[in-house]
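Quick note on labels: first sequence line is chain A, next is B, and so on, each numbered from 1.
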Protein chains: 6
Amino acid sequence: MKKKSKFVKDSLVIKSEMLMPNDTNPLNNLMGGRLMYWMDIAAAISAQKHSNSMAVTASVDNISFRNPIEIGSVITLSAKVTRAFNSSMEVYIEVTAERIPDQKKFISNSAFFTFVALDPSGNPKKVPEAVPETETEKELYEGALRRRQLRLILSGRLKPTDAKELISILNQNA
Amino acid sequence: MKKKSKFVKDSLVIKSEMLMPNDTNPLNNLMGGRLMYWMDIAAAISAQKHSNSMAVTASVDNISFRNPIEIGSVITLSAKVTRAFNSSMEVYIEVTAERIPDQKKFISNSAFFTFVALDPSGNPKKVPEAVPETETEKELYEGALRRRQLRLILSGRLKPTDAKELISILNQNA
Amino acid sequence: MKKKSKFVKDSLVIKSEMLMPNDTNPLNNLMGGRLMYWMDIAAAISAQKHSNSMAVTASVDNISFRNPIEIGSVITLSAKVTRAFNSSMEVYIEVTAERIPDQKKFISNSAFFTFVALDPSGNPKKVPEAVPETETEKELYEGALRRRQLRLILSGRLKPTDAKELISILNQNA
Amino acid sequence: MKKKSKFVKDSLVIKSEMLMPNDTNPLNNLMGGRLMYWMDIAAAISAQKHSNSMAVTASVDNISFRNPIEIGSVITLSAKVTRAFNSSMEVYIEVTAERIPDQKKFISNSAFFTFVALDPSGNPKKVPEAVPETETEKELYEGALRRRQLRLILSGRLKPTDAKELISILNQNA
Amino acid sequence: MKKKSKFVKDSLVIKSEMLMPNDTNPLNNLMGGRLMYWMDIAAAISAQKHSNSMAVTASVDNISFRNPIEIGSVITLSAKVTRAFNSSMEVYIEVTAERIPDQKKFISNSAFFTFVALDPSGNPKKVPEAVPETETEKELYEGALRRRQLRLILSGRLKPTDAKELISILNQNA
Amino acid sequence: MKKKSKFVKDSLVIKSEMLMPNDTNPLNNLMGGRLMYWMDIAAAISAQKHSNSMAVTASVDNISFRNPIEIGSVITLSAKVTRAFNSSMEVYIEVTAERIPDQKKFISNSAFFTFVALDPSGNPKKVPEAVPETETEKELYEGALRRRQLRLILSGRLKPTDAKELISILNQNA
């Protein structure tokens with residue numbers, strides 16, 4: 001059976017949340033753990049949309065938390081599949097935080113999650129290719145290969161000498 | 001004032017959980033997002049213990065999710081500080097899953113989180129050095145430098161050419 | 001100070017959720033109460049965006065629940081301000097439900113909530129006018145007056161004989 | 001099989017709650033969405049009691065939120081079936097709020113929910129008639145017909161010209 | 001200032017809950033811990049009502065859990081103050097469980113909690129006497145003295161030889 | 001089949017929690033009900049570990065709550081089986097509270113819970129004997145018999161005259 005392809009934009013998922021007391025630490029700022037919980041749900045829905053199947057979290061790339069986000073803020077998570085690999089998909093999540101009465105808005109975080117599509121018996125199933133259209137989508141698509149190599153090296157499943165794309169990720173961030 | 005030092009073992013935090021329905025996905029297995037939420041709490045307490053202060057999540061390293069963990073399983077998170085850097089601490093979290101009636105037990109995940117210690121006004125404060133004692137603690141202590149360089153490169157705050165320790169992390173995992 | 005106006009589309013808020021066990025009744029379908037809780041949060045964020053202030057729920061119009069939505073489904077709430085009245089705003093929320101692996105998707109509910117904008121002391125404050133652009137936005141804008149009259153009658157604050165627009169809402173639905 | 005009848009008072013359900021931080025908005029007052037969630041549970045139990053079966057939410061009538069209710073307040077929801085129609089029941093919910101240390105107590109809200117009784121296969125089943133006894137119960141019983149007509153008109157299932165009782169609801173509230 | 005007295009019945013609090021998935025253990029029955037959480041809230045409200053003040057849990061007497069309660073059941077907690085002692089109150093909580101579609105209903109548990117009334121600064125404050133009226137209320141009132149002695153002995157604050165009422169509690173249960 | 005024996009220490013379960021807003025009462029201190037909920041989970045895991053089976057709460061002994069525990073505190077629950085009786089186990093839970101930035105740490109509570117081990121059909125099953133090793137474990141083991149007699153008397157299943165060990169529990173606490 002031939003593998004279909006789908007546009008990246010069709011996997012877009014938006015999830016808005018209002019920061020409630022139990023989402024915050026004793027300094028009244030969003031806890032990292034709560035944000036990762038929301039990221040996981042937004043990304044899981046995006047991977048489901050792309051694959052038309054159940055999808056489970058396979059890995060999470062390095063995430064940085066820079067700006068504290070106060071209680072009462074509005075959080076908007078925006079997730080979409082960047083690239084598909086056989087039965088797995090990389091999902092990019094961007095998080096915007098907004099203190100509306102103060103009119104302060106900033107991009108607080110971004111993250112890459114990887115999901116595996118599963119058939120009803122729980123076995124991995126092939127997923128459609130993800131076709132990028134915009135410039136940003138294309139860049140994310142290109143970078144996915146480098147990030148995948150780093151992921152495989154970090155989890156001990158790829159030799160660094162076989163990771164031709166790795167040098168570029170290092171240069172990219174330098 | 002001279003910076004004190006503390007033993008790694010004094011930051012040990014253990015957190016046991018029983019998998020409840022809302023912790024699972026539609027396949028009845030633990031959601032990655034819920035596990036990261038618990039990891040963040042266990043690691044935050046460990047960082048608090050080491051620094052005797054509030055501590056907030058600064059970053060999370062790559063995490064892999066390999067084995068599905070079924071509803072009703074018992075999860076044990078074990079967190080300790082591996083190394084301290086000025087006002088930040090790397091925390092190592094190991095997660096064990098157990099289906100007790102079936103007598104199945106396995107290490108399901110491990111992760112490195114970085115926390116920053118804060119004084120009561122919310123400003124970063126110096127933390128004691130973390131002194132490793134066992135072989136495993138010493139290995140984690142040594143590796144912390146390499147992981148920190150990778151973290152800084154990935155977040156765009158260090159040039160790859162300045163990362164002498166990076167080659168070793170790549171070789172280590174090869 | 002002159003009251004500004006803002007486009008309806010600028011108040012759009014999207015909130016996606018995955019149906020977890022605790023969101024469902026013993027038949028494994030979404031509880032009406034949980035859906036109204038999510039509607040209230042999505043609508044509150046939309047009203048905050050429009051008014052650039054805190055906003056609290058003033059009323060909820062009649063809501064019908066027709067199709068059962070199964071556990072594991074994806075719910076997408078989409079909220080936007082339809083019209084502003086002095087310090088209050090009507091918000092329209094549309095809910096789509098999707099069982100992705102079965103490729104079933106349907107509009108499950110819609111609702112009108114009314115919010116009041118509050119200044120930092122908790123007193124009502126004037127809000128910008130809401131300017132509709134599309135055909136749908138214009139229809140919702142027009143209907144807002146009729147719905148408001150019915151709301152005032154139902155809460156005993158308007159005499160039916162003063163509700164010239166009421167006949168049209170009745171005819172509209174006939 | 002002949003349909004039995006039951007007294008309204010036998011469906012009475014009382015549900016008390018203490019306002020916790022996560023039930024409140026950034027102004028520390030009860031969120032409308034949380035209250036509707038509790039209303040739905042109290043009303044569902046009442047409808048179950050009357051019908052001796054599972055019952056699911058069919059619709060919610062207009063609800064007004066007038067008085068802010070502070071964190072720490074005690075909320076008492078009181079629900080009972082007002083009238084039964086074939087397989088559906090109208091449930092009236094009255095909400096009292098109390099700040100006990102301040103000795104302030106007030107009726108904060110009332111609402112009408114409609115539930116459908118379901119047999120174990122999930123199909124609608126006939127419910128007993130609801131027999132009102134007190135003056136208040138009788139008034140609620142009488143009004144149920146008017147409210148039902150308005151509900152059907154608002155959801156597009158009844159022509160206004162067929163709603164003989166509608167004029168009275170309008171007059172009643174004028 | 002003279003201490004007022006209040007009727008036991010004025011402290012009655014009823015709290016109904018529907019058993020949701022997260023309230024149950026892997027056998028789908030209510031967890032003891034969840035029931036004690038609800039008992040604590042119902043009893044706290046009752047103690048607040050009697051004392052017209054904040055009230056915090058001082059102790060919990062022995063509780064037995066005999067009958068499993070299935071998911072979907074309706075739980076009704078009924079709490080009232082049995083007797084007041086200076087600044088503390090004993091609260092009796094009775095729990096009824098009901099599987100409505102199966103028409104099974106049984107008293108599942110009872111418990112005695114003790115609360116201390118606090119003034120706004122958090123110091124214990126005197127509470128009104130509790131005046132029992134019915135036979136059951138009088139029996140609970142009488143037994144409160146015996147239970148208090150046992151409580152004080154078990155927490156090491158009373159010598160058994162000073163506990164004249166203790167023999168009766170033992171005989172009562174024999 | 002011969003009943004095996006296991007060491008007490010093999011049933012040790014540690015559960016750390018950080019006090020979040022929804023765990024506290026309006027005075028910002030830990031609610032007794034939340035603590036009992038956590039105790040029940042920690043103790044249930046301990047009983048599962050000892051019996052290698054599902055285990056459900058059978059009873060809870062008298063618990064005292066003395067020191068208020070503030071929001072932001074770290075709670076450490078430590079549970080282990082003290083003694084096994086046919087199909088039931090007594091579990092001892094000790095709770096430590098810590099306000100880390102203030103370097104305040106204290107034992108806040110202790111409690112005895114009893115669990116029954118169940119086979120997959122939900123019937124009670126025999127459990128291994130619990131073998132104490134340390135002095136403290138031996139004392140808890142010895143006291144278990146006295147506590148069991150009191151429990152049986154309090155629940156009306158043992159005549160006080162048959163409770164030879166009861167006098168010692170009274171003397172012990174005097």
Using non-hydrogen atoms and a 4.5 Å limit, figure out which bit of [X] sits close to chain B: side chain, backbone, both or neither.
X        : result
A:Met31  : both
A:Asn25  : side chain
A:Leu118 : side chain
A:Phe113 : side chain

Nearest 0.5 Å, please: how far is [atom2] in [Y] from [atom1] in [X]?
X        : Y        : atom1 : atom2 : answer
B:Ser155 : A:Ile63  : OG    : CD1   : 13.0 Å
B:Ser59  : A:Asn109 : OG    : CG    : 11.0 Å
B:Leu27  : A:Ser121 : CG    : OG    : 10.0 Å
B:Leu154 : A:Leu150 : CG    : CG    : 6.0 Å

* Asked: So which of B:Val60, B:Thr57, B:Val56 has the biggest tally of heavy-atom pairs under 4.5 Å with chain A?
  ->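 Between B:Val60, B:Thr57, B:Val56, the count favours B:Val60.
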
* Part of residues 72-80 of chain A lying next to chain B, heavy-atom separation under 4.5 Å ->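 Within residues 72-80 of chain A, no residue comes under 4.5 Å from chain B.
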
* **Choice from A:Gly32, A:Ala58, A:Gly122 maximising heavy atom contacts with chain B below 4.5 Å** =>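 The residue among A:Gly32, A:Ala58, A:Gly122 with the greatest pair count is A:Ala58.
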
* To do: Give the intermediate values and the outcome of side-chain contact (heavy atoms from CB on, under 4.5 Å) for residues B:Tyr37 and A:Met36.
  => CA-CA 7 Å; B:Tyr37 175 73; A:Met36 290 188 284; over 6 Å; no

* To do: Go through the steps to decide whether B:Asn62 and A:Asn62 satisfy the test side-chain contact (heavy atoms from CB on, under 4.5 Å), and finish with yes or no.
  => CA-CA 5 Å; B:Asn62 190 294; A:Asn62 192 293; 5.8 Å; no

* Asked: Which answer fits B:Arg151, side chain, backbone, both or neither, if we ask what part of it has an atom under 4.5 Å from a heavy atom of chain A?
  ->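 The answer is both parts of B:Arg151.
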
